[in-house]
Amino acid sequence: MKLFNTLTRRKEEFVPLEEGKVRMYVCGPTVYNLIHIGNARPMIIFDTVRRYMEYKGYEVNFVSNFTDVDDKIIKKAIEEGVSAQEISERYISECRKDMDGMNVKPATTNPQATQEIGGMISMIQTLVDKGYAYPAADGTVYFRVKKFKEYGKLSHKNLDDLQSGFRSLQVSGEDQKEDPLDFVLWKPKKEGEPSWPSPWCDGRPGWHIECSVMAKKYLGDEIDIHAGGEDLIFPHHENEIAQSECCNDKIFAKYWMHNAFLNIDNRKMSKSLGNFRTVREISEQYDLQVLRFFMLNAHYRSPLNFSADLMEAAKNALERITDAAANLKDRKAAAQTEAATDAEKELLAQSQEFVKKFEEAMDDDFNTADALAAIFELVKFANTNVSEESSSEFAGVLLDTMVKLCDVLGLKAEKKEEILDKEIEDLIAERQEARKAKNFARADEIRDELLAKGIILKDTREGVKWKRA
Ligand code: AMP
Ligand code: ZN
């Protein structure tokens, strides 16, 4: 399996630090609003990377944080007149709903910055003790960038170039820094903001330190894959490397993966530009599986432009898969014979070619667009070769293969049951009540509603019985 490593700017063979295991960290969202579909791109991409690793037999320890202390959260809390915690808790819960809708697997651990302050203070202290960080007069603690000789290795920036760029950007209030490149690890509290005591001052952590600390705590000093959107390469990930490698004296992450932007009218979708669509808005128009398909139909390192046409195309394409799977399910259930014939066995052997193509595409830096193309070849093959004469084994094996490959991409090939047993029972109870109250119009309405969903009611002496049509 090869993946593109931002650190070396090459596709490299994936070799885990520990055989059979993957330690993976993905920078998560800052929770002050509903997530937009730009934020959804890394969620879907790296969930797919995880799923493919699991399919290959790796045990994946997948850690993704929620940044729940930040200027934007505090600003929102002040606007609403509530606590910062109330804001972050609300949007973590909303974010989880969206992730569930997009079929993003829950992380092994979802740490929150505010729960990890002790670890942050301890890492900052180590950096101070080792001479990599220093407190200024007001209690702000800075990282001494020039002391880390490898600074810039991820973003491929040269310290001298950075230096000249920064000098011109230097703003007042930063003159307590030894060097314009130095970045904040800990900052003093401001009135009305959440704060924690520390050896330097009451205050709160800088953003970069949280990821270094959470990765260390939940994955160890060395991890296999660190991932996020490409806007995080500099300075966030560069700073994480500086903090972690200076603290732990180990290479922080072996592979760095970054997704390109989701754009709208060829500009990055972002909250600050105001050109965003929330996942929630999309879910009102489409099943979020369609959004997932739309994202996976492009390579993760290519910019992707959001458009209504592409979403419609994604919807239609996904339907071709779900229709084929539904057809296979019907054929399997209605088959006249059980075991596959020799000719069918031969066809099943041929169909393994699509599995091979799928794996080759995924092994090549997660080329999900080609992996989807392999699934469509399987769809076409199934539509051509399965008929009323097919055995249940033949239809069943093709169905299982289709479902399995789709599942690696987090796509559900089999449509979920339209209505759950519990909902049916509730509607039947309501119908009985309506009848008792002589509201026959409502009773008939419920019967018709159920019928439209394929549920047939039968009034018997023992009560109302139902079955799926
Ligand atoms: P944020 O909440 O802005 O820190 O972003 C959370 C994650 O979403 C990070 O990995 C970002 O890189 C990523 N992200 C934000 N906007 C976009 C976008 N338009 N396209 C792709 N990824 C994005
Ligand atoms: Zn991070």
Side-chain angles (χ1 to χ4, degrees), residues 34 37 93-94 96-104 277-294 308-336 375-376 379 382-383 386-390 392 395-396 398-400 402-403 406-407 410-469:
L34 289 174
I37 57 177
S93 144
E94 297 300 338
R96 286 190 202 278
K97 283 185 212 159
D98 289 337
M99 286 166 89
D100 187 51
M102 296 186 292
N103 204 19
V104 170
R277 298 275 184 90
T278 62
V279 170
R280 203 55 62 86
E281 278 170 303
I282 299 296
S283 77
E284 281 155 18
Q285 205 181 343
Y286 294 102
D287 184 327
L288 290 177
Q289 288 277 298
V290 175
L291 181 66
R292 187 157 182 137
F293 185 100
F294 159 76
D309 285 352
L310 283 178
M311 285 296 285
E312 275 305 303
K315 179 171 178 263
N316 294 333
L318 189 61
E319 260 168 25
R320 268 168 54 213
I321 301 178
T322 50
D323 285 351
N327 183 41
L328 286 173
K329 201 172 167 185
D330 290 347
R331 291 280 174 249
K332 184 185 167 193
Q336 305 292 324
I375 293 179
F376 281 110
V379 163
N383 289 346
V386 176
S387 70
E388 278 166 20
E389 277 86 58
S390 299
S392 75
L398 288 176
L399 176 63
D400 291 348
M402 203 177 281
V403 169
C406 285
D407 185 59
L411 296 170
K412 296 174 186 163
E414 285 184 287
K415 281 195 192 127
K416 56 179 186 282
E417 295 286 357
E418 292 288 338
I419 182 163
L420 302 169
D421 289 5
K422 167 87 174 66
E423 291 174 55
I424 299 170
E425 307 284 356
D426 288 351
L427 279 169
I428 291 175
E430 192 191 331
R431 179 168 168 265
Q432 294 301 85
E433 286 301 311
R435 282 171 135 195
K436 243 191 251 163
K438 303 215 174 335
N439 183 353
F440 298 110
R442 176 64 191 144
D444 288 349
E445 202 178 85
I446 292 174
R447 192 197 52 221
D448 293 344
E449 196 181 310
L450 285 168
L451 192 62
K453 289 178 172 154
I455 308 299
I456 300 165
L457 298 186
K458 208 169 155 209
D459 294 307
T460 71
R461 230 177 279 165
E462 297 86 48
V464 184
K465 301 257 192 261
W466 63 269
K467 64 171 188 180
R468 291 185 196 275

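The analysis underlying the following values was restricted to heavy atoms, covering all of them including side chains, and did not include hydrogens, waters or symmetry mates.
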Sequence neighbours left out, what pairs pass side chain to side chain donor-acceptor pair (under 3.5 Å) with at least one residue falling in residues 312-328?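 Pairs touching residues 312-328 that pass the test: Y286-E312.
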
Nearest heavy-atom pair of A382 and M402: which atoms, and what distance?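 Closest heavy-atom pair between A382 and M402: CB-CE, 4.0 Å.
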
Looking only at heavy atoms, what is the nearest atom pair of A443 and A434, with distance?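 Residues A443 and A434, closest heavy atoms: N-CB, 4.0 Å.
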
Is there a donor-acceptor pair closer than 3.5 Å between any side-chain N or O of E414 and the backbone N or O of V403?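 Flag not set: sc E414 to bb V403 has no pair under 3.5 Å.
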
Counting distance only, does the side-chain N/O of R292 pair as donor-acceptor with the main-chain N or O of N103 below 3.5 Å?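 Indeed, once roles are kept as given, a pair shorter than 3.5 Å links the two residues.
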
Do the charged groups of [X] and [Y] touch, with an N to O distance under 4.0 Å?
| X | Y | result |
| --- | --- | --- |
| K412 | D287 | no |
| R442 | E445 | yes |
| R447 | D444 | yes |

Does I282 form a side chain to side chain contact (heavy atoms under 4.5 Å, CB included) with V290? I'd like the steps, not just the answer. CA-CA 9 Å; I282 299 296; V290 175; over 6 Å; no

Salt bridge (charged side-chain N to carboxylate O under 4.0 Å, His left out) between K422 and D426, worked out: CA-CA 6 Å; K422 167 87 174 66; D426 288 351; 2.8 Å; yes

Tell me, do I424 and W466 make a side-chain contact under 4.5 Å, heavy atoms counted?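 Of all side-chain heavy-atom pairs linking W466 with I424, at least one is under 4.5 Å.
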
Check whether any side-chain heavy atom of R431 lies under 4.5 Å from a side-chain heavy atom of L457, and answer yes or no.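 Of all side-chain heavy-atom pairs linking L457 with R431, at least one is under 4.5 Å.
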
Can you tell me how far apart [atom1] ([X]) and [atom2] ([Y]) are? Round to the nearest 0.5 Å.
| X | Y | atom1 | atom2 | result |
| --- | --- | --- | --- | --- |
| R277 | L291 | CZ | CG | 11.0 Å |
| L398 | L328 | CG | CG | 6.0 Å |
| F440 | R435 | CZ | CZ | 7.5 Å |
| S283 | I37 | OG | CD1 | 11.5 Å |
| Q336 | S392 | CD | OG | 10.5 Å |
| Q289 | F294 | CD | CZ | 15.0 Å |

Should R280 and E94 be marked as a side chain to side chain contact (heavy atoms under 4.5 Å, CB included) after you check the CA-CA gap, both sets of side-chain angles, and the distance that decides it? CA-CA 9 Å; R280 203 55 62 86; E94 297 300 338; 2.8 Å; yes

K329 and K332: CA distance, side-chain angles, deciding distance, side chain to side chain contact (heavy atoms under 4.5 Å, CB included) verdict: CA-CA 5 Å; K329 201 172 167 185; K332 184 185 167 193; 5.7 Å; no

